[in-house]
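Chain identifiers are assigned alphabetically (A, B, ...) following the order of the sequence lines, protein sequences preceding nucleic acid strands; residue numbering begins at 1 within each chain. Note that these values count all heavy atoms, side chains included, but never hydrogens, waters or copies made by symmetry.
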There are 2 protein chains.
Amino acid sequence: MPSDKTIGRLSLYRSLLSRILRAGDSHIFSHELAALAGNTSSQVRRDLMAIGSNGTPTRGYDIRSLIQSIGECLDAAGGERVALVGVGNLGGAILGFFAGRRPKLSVVAGFDNDRDKAGRVLYGVRCYAMEDLPRVIDQQGIRVAVITVPASEAQDVADRLIRAGVRGILNFAPIRLRTPAGIYVEDVDVTMSLEKVAFFARQSLTHKG
Amino acid sequence: MPSDKTIGRLSLYRSLLSRILRAGDSHIFSHELAALAGNTSSQVRRDLMAIGSNGTPTRGYDIRSLIQSIGECLDAAGGERVALVGVGNLGGAILGFFAGRRPKLSVVAGFDNDRDKAGRVLYGVRCYAMEDLPRVIDQQGIRVAVITVPASEAQDVADRLIRAGVRGILNFAPIRLRTPAGIYVEDVDVTMSLEKVAFFARQSLTHKG
DNA sequence: TAGATTGTTAATCGATTAACAATC
DNA sequence: TAGATTGTTAATCGATTAACAATC
């Protein structure tokens, strides 16, 4: 099974390749893709090996078939239905961000504490009350969820999602979720990221003069 | 200089410790913090060493002074002023998310292509036209910026920010920015993260049954 | 063919973990 | 004191990079 990081890079390669394809090119060399992705050609070749690469020494890789191979690796055959818990500002932005971006990955249900949101369509997604979570997750066959609730509620939400059958969580709350083995959690901690940027921006200045 | 990952963990430790402090505890052992942060006590001790740790074998670490030490490491003495380019849905959510969260890190200027936004206060931040970017960045002494524009515009925005004096960028566009040495870029690629979650959620199922 | 690139393995590098004397 | 934890270094692990024969 490919590593966490390899999968992440394959996802990046696909976005980059889609843009290249729209620009008109049909083939690409490993060092060209590496320059776009910000890594080495060695690594690109090794990553593409993981999905059964199709390059030739003279023309490089066929972009179309590369995108297809990456899709066969990353995408679920029938598409993946996703739930989002916490339909606030951040949740709404995430919904807007994903809308139509990946046809195989669609957010089909939103849940929120606020009862007034239940039954409505917000940011393009149908919203439900928290008490309907187990039923909706089960009926829709949802296995992936996004958590955009405050840190104080995130662990409880994660527990409920996992009980309902969710196997992968994208967590925006700035805590580490405690989950049983076999559950994949990816944390996106925006505050942490900005603090890192601020720190190293400062270092680069003090370092120079 | 501490590594990228160490700084990220210190930021996480600080959020976790602030929550603990509010809950009433005054001291914490490395293995307790490790459990909260999802890593090993060895690593916690090594990370805290980097900021001059203050633990004792009998009582562990004093939470208050730990939070202060982390602050002295992470925060700029006079606070850091941040700009955000792309005051759309995602940008607005980020602004709402940061509002009042870190007193030493405040977004003080928003920039957008949309001329109608210039001069207004949106999501709590004063907005400017793109042509005012060099002047505002310079006058306000801004060294850190957040990019929440579409991928097609991100590189151009980054170039402008760097020319204006920005040294660190938090990039939400799904491309890798090309930047000169000494500029720190942190990528937050939400689509990539969700694709990773979907992939490993699926693997955990096929692996088990 | 000559030359550049691919697929793939070996070498390197860095980060994490394990270990342990010192300490409260 | 005995016992657990700290600060710190050595061992381990995994990921990245370099190298190179095979290929177009």
Student: CG of A/L33 versus P of C/dT5: gap in Å, rounded?
Tutor: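 Atom-to-atom, A/L33 to C/dT5, this comes out as 14 Å.
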Student: Taking the side chain of B/R46 as heavy atoms from C-beta outward, which of D/dT5, C/dT16, D/dT16 is closest to it?
Tutor: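 Nearest listed nucleotide: C/dT16.
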Student: Please report, rounded to the nearest Å, how far the C1' atom of C/dG14 is from the CG atom of B/D4.
Tutor: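 Going from B/D4 (CG) to C/dG14 (C1'), I get 13 Å.
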Student: Would you mind pulling out the nucleotide paired to C/dT23, Watson-Crick or G-U wobble, both distances under 3.5 Å?
Tutor: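 C/dT23 is paired, partner D/dA4.
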Student: Can you measure B/I51 atom CD1 to D/dG7 atom P for me and round it to whole angstrom units?
Tutor: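 Nearest whole value for this atom pair: 10 Å.
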Student: Roughly, in whole Å, what's the span from CD in B/Q43 to P in D/dT9?
Tutor: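 Taking CD of B/Q43 and P of D/dT9, I get 17 Å after rounding.
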Student: Is there a side-chain polar atom (N or O) of A/S30 under 4.0 Å from OP1 or OP2 of C/dT5?
Tutor: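 Checking A/S30 against C/dT5: no side-chain N or O falls below 4.0 Å of OP1 or OP2.
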Student: Between D/dG7, C/dT16, D/dT16, which nucleotide has the shortest distance from any of its atoms to the side chain of A/K5?
Tutor: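 So the side chain of A/K5 is nearest to D/dT16.
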Student: Can you name the one residue among B/V149, B/I169, B/V166, B/D112 that meets side chain to side chain contact (heavy atoms under 4.5 Å, CB included) with B/V85?
Tutor: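 The residue from B/V149, B/I169, B/V166, B/D112 that satisfies side chain to side chain contact (heavy atoms under 4.5 Å, CB included) with B/V85 turns out to be B/V149.
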Student: Look through every strand shown and name the nucleotide pairing with D/dA15 as Watson-Crick or G-U wobble, where both distances are under 3.5 Å.
Tutor: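 Check on D/dA15: paired to C/dT12, both distances under 3.5 Å.
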Student: Can you tell me the distance, in whole Å, between the NE2 atom of B/H31 and the C1' atom of D/dA4?
Tutor: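 After rounding, the gap between these two atoms is 8 Å.
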Student: Separation of B/L48 atom CG from D/dG7 atom P, in whole Å?
Tutor: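 After rounding, the gap between these two atoms is 8 Å.
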Student: Look at the side-chain N and O atoms of B/Y61 and state whether any lies under 4.0 Å from the OP1 or OP2 oxygen of C/dC24.
Tutor: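 No, outside the criterion.
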Student: Picking from D/dT6, C/dT5, C/dC24, which would you name as closest to the side chain of A/F29?
Tutor: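 The nucleotide sitting nearest to the side chain is C/dT5.
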Student: Identify which nucleotide among C/dG7, D/dT23, C/dT17 has an atom closest to any side-chain atom of A/M49, counting heavy atoms from C-beta outward.
Tutor: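 Nearest listed nucleotide: C/dG7.
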Student: Would you give the length of the straight line joining atom CE of B/M192 to atom CG of A/L170, rounded to the nearest 0.5 angstrom?
Tutor: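 Rounded to the nearest 0.5 Å, the CE-CG separation comes to 11.0 Å.
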Student: Any idea which of D/dG7, D/dC24, D/dT17 is nearest the A/T56 side chain?
Tutor: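 So the nucleotide nearest the side chain must be D/dC24.
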Student: Any side-chain donor-acceptor pair under 3.5 Å between A/Q43 and A/D47?
Tutor: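 On atom types as modelled, these side chains do not qualify, holding no pair under 3.5 Å.
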Student: Do other residues, nucleotides or ligands put more than 12 heavy atoms under 6.0 Å from the CZ atom of A/R135?
Tutor: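 Result for CZ/A/R135: enclosed.
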Student: Choosing from D/dT6, C/dT16, D/dT16, which nucleotide comes nearest the side chain of A/R9?
Tutor: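 Nucleotide nearest to A/R9's side chain: D/dT16.
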Student: Base, sugar-phosphate or nothing for B/S41? Non-hydrogen atoms, less than 4.0 Å.
Tutor: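 Nothing, no nucleic acid heavy atom in range.
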Student: Working to the nearest 0.5 Å, report the span between CZ of B/R160 and CD of B/E131.
Tutor: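 Separation between the atoms: 9.0 Å.
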Student: Could you give the CE-to-P distance, from A/M1 to D/dA15, as a whole number of Å?
Tutor: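 A/M1 atom CE is separated from D/dA15 atom P by 12 Å.
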Student: What is the separation between atom CG on A/D47 and atom P on D/dT16, rounded to the nearest whole Å?
Tutor: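 In whole Å, D/dT16 P lies 8 Å from A/D47 CG.
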Student: Is the phosphate of D/dG7, meaning OP1 or OP2, less than 4.0 Å from a side-chain N or O of B/S53?
Tutor: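 The answer is yes; a side-chain N or O of B/S53 sits under 4.0 Å from OP1 or OP2.
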Student: When you measure from the side chain of A/S42, which nucleotide among C/dA4, D/dT5, D/dA18 comes out closest?
Tutor: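 The listed nucleotide nearest to A/S42's side chain is D/dA18.
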Student: For B/N54, report the nucleic acid contact type (base, sugar-phosphate, nothing); a contact means any heavy atom under 4.0 Å.
Tutor: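 Since only primed, P, OP1 and OP2 atoms lie under 4.0 Å of B/N54, the category is sugar-phosphate.
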Student: Between A/R45 and A/S3, name the one whose nearest nucleotide on DNA chain D is closer to the 5' end.
Tutor: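 Per heavy-atom nearest nucleotide, the more 5' residue is A/S3.
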Student: Is the positively charged end of B/R101 above the ring of B/F97, judged by distance under 6.0 angstrom from the centroid and angle within 45° of the axis?
Tutor: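 Yes.
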